[in-house]
Amino acid sequence: MIRLTDNAVKQLQSLLCDGAEHAGKGLRIFVETGGCAGLQYGMRFDDPMPEDVIAGSDGARVFLDPTSLTHLRGSTLDFDDGLTGGGFKLQNPNAVRSCGCGTSFESAAPTAG
């Protein structure tokens, strides 16, 4: 599972309450092949899928597919509203190497294949 900080929960609550297009949705966090370190993070608002693991609290929901959860287990999702580089940030204990871009990483978790 992943943990959400209070800042991440508050920001998700705010974004999910901003209009009918987000009704029933949550933040999908996924891992895909790409980036300079081999894997990269992705995030988008989405509807839950039957196979998803759902994390969050107080109406702030995060959806993780089983493959992505393998690479993200134990991670913390935070939100930083600083002037530079603000946004959602993942602290991933499974990342053994990451790129300077902050979205590309190499995982200690086994890959399917």
If I compare all heavy atoms of N94 with all of T70, which pair ends up nearest, and what's the gap? ND2-O, 4.3 Å

Taking side chain as C-beta onward, heavy atoms only, is H71 less than 4.5 Å from L39? yes

Using a 4.5 Å side-chain heavy-atom cut-off and chaining through intermediate ILVMFWY residues, the residues clustered with F30 come out as none

Within-4.5 Å side-chain heavy-atom neighbours: M43 and L90: yes

Between L15 and Q11, is the side chain to side chain contact (heavy atoms under 4.5 Å, CB included) condition met? List the steps. CA-CA 6 Å; L15 291 171; Q11 183 64 21; 3.6 Å; yes

For a 4.5 angstrom cut-off between non-hydrogen side-chain atoms, does T67 reach L69? no

Please report, to 0.1 Å, the donor-acceptor pairs under 3.5 Å made by any side chain of residues 53-64, with sequence neighbours excluded.
unit_1, atom_1, unit_2, atom_2, d
R61, NH2, G24, O, 2.6

Using side chain to side chain donor-acceptor pair (under 3.5 Å) as the criterion, list what pairs up with Q13, not counting sequence neighbours. none

How would you list, by chain and number, every residue that makes a salt bridge (Lys or Arg N to Asp or Glu O under 4.0 Å) with K10, sequence neighbours excluded? none

Can you pull the salt bridge (charged side-chain N to carboxylate O under 4.0 Å, His left out) pairs that have at least one residue in residues 65-88, sequence neighbours excluded? none

Listed partners of D46 passing salt bridge (Lys or Arg N to Asp or Glu O under 4.0 Å), at least two apart: R28, R44

What about Y41 and V96, same hydrophobic cluster or not, with Ile/Leu/Val/Met/Phe/Trp/Tyr joined at side-chain heavy-atom distances under 4.5 Å? no

F88: ring-ring contact (aromatic ring centres under 6.0 Å, His included) partners, not counting sequence neighbours: F79

Is there a side-chain contact between L77 and T5 (heavy atoms, below 4.5 Å)? no

For S75 and I2, indicate whether the former's side chain and the latter's backbone hold a donor-acceptor pair under 3.5 Å. no

